[in-house]
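Small disclaimer: the values here were computed from a predicted structure and weren't measured. Proteins get letters first, then strands, A, B, ... in listed order; numbering begins at 1 in each.
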2 protein chains.
Amino acid sequence: MSRSRDAVHEILRRSESFRSAQDIFTEMRSDGAKIGLTTVYRALQALNDDGRVDVLRTDEGEAVYRACASDLHHHHLVCRRCGRTEEVAGPDVERWAEAIAAEHGFADITHTVEVFGTCASCTGR
Amino acid sequence: MSRSRDAVHEILRRSESFRSAQDIFTEMRSDGAKIGLTTVYRALQALNDDGRVDVLRTDEGEAVYRACASDLHHHHLVCRRCGRTEEVAGPDVERWAEAIAAEHGFADITHTVEVFGTCASCTGR
DNA sequence: ACAGTTTTGACAACCGTTTTCATTTTCCTT
DNA sequence: AAGGAAAATGAAAACGGTTGTCAAAACTGT
């Protein structure tokens with residue numbers, strides 16, 4: 001498992017946002033790559049197992065993947081129509097999470113925050 | 001939409017944890033209720049629309065529901081050790097989400113916020 | 001080149017969820 | 001009560017994303 005796995009990883013690294021498996025598959029195909037959807041799924045699984053990509057679920061239950069930027073901590077604003085994703089910083093949210101956790105006696109906390117909406121170019125269409 | 005909707009809500013209120021639609025359906029059937037799976041799904045949707053239950057996705061993409069203790073919008077603080085869940089209100093987060101979305105031209109937004117940690121009684125054990 | 005293992009991909013199977021649609025129930029008006 | 005429109009129901013089919021199957025193709029070391 002290497003050829004296509006690297007290809008998928010590459011696509012993801014070039015992307016700035018979360019991408020779905022089908023989405024990646026479509027892009028690779030129209031780029032002329034001869035790869036199967038199954039292989040894309042397998043590559044994503046493997047990459048996730050290796051901790052090289054992370055995955056989250058949209059409101060609709062679709063899995064979307066992203067190469068780990070691992071930079072700063074930030075959250076995502078995802079268009080539920082076209083999948084476009086903006087990275088947004090949320091210092092307020094971080095503080096809120098810390099405070100609320102402390103208040104309830106919870107320690108060692110982590111949090112997930114994802115905002116879904118319809119982006120400007122998809123609105124009204 | 002009332003008979004079965006109340007029944008589903010009742011099941012949820014008696015539950016202490018998140019339940020899947022299929023799970024609820026199975027319980028109701030073995031309790032002798034003559035209800036269809038479709039109706040369970042519709043009841044859950046309606047209850048969710050009314051803000052009486054909240055829904056989240058498991059890692060596997062399955063939707064799980066839970067009766068809201070409070071009728072207001074809120075988030076969860078989940079103990080990663082024992083699974084204990086506290087409902088927490090997050091007006092700050094709501095405002096933050098709205099603001100950030102508007103700033104990027106996103107409309108019609110929803111958000112998921114889940115905070116994981118180790119609760120007081122699990123700490124130090 | 002050769003045998004053995006791994007990877008691949010078309011296709012079918014899966015599973016949770018939604019849609020369809022005909023039937024039943026509920027509710028309102030006489 | 002009776003009649004009729006509107007809402008609710010449920011069995012079965014459709015759907016969409018994901019995973020399994022399995023034979024063919026691509027690597028591996030000898």
Side-chain angles (χ1 to χ4, degrees), chain A residues 1-12 15 17-50 52-66 76 78-85 114 116 118 122, chain B residues 1-12 15 17-50 52-66 108 110 112:
Chain A
M1 185 181 294
S2 201
R3 183 62 30 81
S4 48
R5 186 174 110 163
D6 288 342
V8 169
H9 194 198
E10 184 54 28
I11 291 274
L12 236 28
S15 304
S17 62
F18 279 93
R19 310 284 301 270
S20 71
Q22 317 252 7
D23 184 19
I24 293 167
F25 170 67
T26 302
E27 175 175 333
M28 295 181 78
R29 271 299 178 85
S30 56
D31 281 359
K34 40 184 174 21
I35 191 172
L37 179 56
T38 310
T39 304
V40 173
Y41 274 106
R42 276 191 289 238
L44 289 169
Q45 270 170 196
L47 289 166
N48 184 55
D49 288 348
D50 291 357
R52 283 210 246 269
V53 305
D54 34 48
V55 53
L56 65 87
R57 295 270 173 178
T58 67
D59 281 357
E60 291 75 36
E62 188 179 29
V64 286
Y65 305 81
R66 159 190 85 144
H76 295 97
V78 185
C79 177
R80 66 164 66 85
R81 191 89 60 109
C82 69
R84 202 179 95 203
T85 302
E114 303 297 332
F116 299 93
T118 311
C122 283
Chain B
M1 187 182 293
S2 200
R3 183 61 32 81
S4 49
R5 187 174 111 164
D6 288 342
V8 169
H9 195 198
E10 183 55 28
I11 291 275
L12 237 27
S15 305
S17 60
F18 282 92
R19 310 283 301 270
S20 71
Q22 317 252 6
D23 183 17
I24 293 167
F25 169 68
T26 303
E27 175 175 333
M28 295 181 78
R29 270 300 178 85
S30 56
D31 281 0
K34 39 183 175 18
I35 192 173
L37 179 57
T38 310
T39 304
V40 172
Y41 274 106
R42 277 193 286 239
L44 289 168
Q45 271 170 194
L47 289 166
N48 183 54
D49 289 348
D50 291 356
R52 283 210 247 270
V53 305
D54 34 46
V55 54
L56 63 89
R57 295 268 174 182
T58 66
D59 283 353
E60 291 77 35
E62 188 178 29
V64 286
Y65 306 81
R66 180 189 201 255
D108 197 20
T110 61
T112 67

Would you say A/Thr39 reaches C/dT8's phosphate, i.e. side-chain N/O to OP1/OP2 under 4.0 Å? no
Using atom CD1 of B/Ile24 as one end and atom C1' of C/dT17 as the other, report the distance to the nearest whole Å. 14 Å
Provide, to the nearest angstrom, the distance between the CZ atom belonging to B/Arg19 and the P atom belonging to C/dT17. 14 Å
Under 3.5 Å, is there an N or O donor on one side and an acceptor on the other linking the side chain of A/Thr38 and the base of D/dG20? yes
Touch class at under 4.0 angstrom, heavy-atom based, for B/Gln22 against every strand present: base
For the side chain of A/Ala21, starting at C-beta, report the closest nucleotide among D/dT18, C/dT18, D/dG10. D/dT18
Whole angstrom value for the distance that separates P of D/dT18 from CG of A/Leu44: 9 Å
Looking at every heavy atom in both A/Thr39 and A/Ser4, which two are closest together, and how far apart are they? CG2-OG, 3.1 Å
Is a salt bridge present between B/Arg66 and B/Asp54, judged by a nitrogen-to-oxygen distance below 4.0 Å? no
Rounding to a whole Å, what distance do you find between B/Arg29:CZ and D/dT9:P? 14 Å
Consider the side chain of A/Arg3, meaning its heavy atoms from C-beta on, and name the nucleotide among D/dT18, D/dA11, D/dC27 that approaches it most closely. D/dC27
Taking CG from A/Leu37 and P from D/dT19, how many angstroms apart are they, rounded to a whole number? 10 Å
Below 4.0 angstrom from OP1 or OP2 of C/dT17, is there any side-chain N or O of B/Gln45? no
Rounded to whole Å, how long is the line connecting atom CZ of B/Arg42 with atom C1' of C/dT25? 13 Å
Grab the OH-P distance between B/Tyr41 and D/dC15 for me, whole Å please. 18 Å
Nearest heavy-atom neighbours spanning B/Tyr65 and B/Val53: CD2-CG2, 4.2 Å
May I have the distance from A/Arg5 (atom CZ) to D/dC27 (atom P), rounded to whole angstrom? 16 Å
Nearest heavy atoms of A/Thr58 and B/Arg57, plus distance in Å: O-CG, 4.2 Å
Quick one: closest heavy-atom pair of A/Ala63 and A/Val55, and the distance? CB-CG2, 4.0 Å
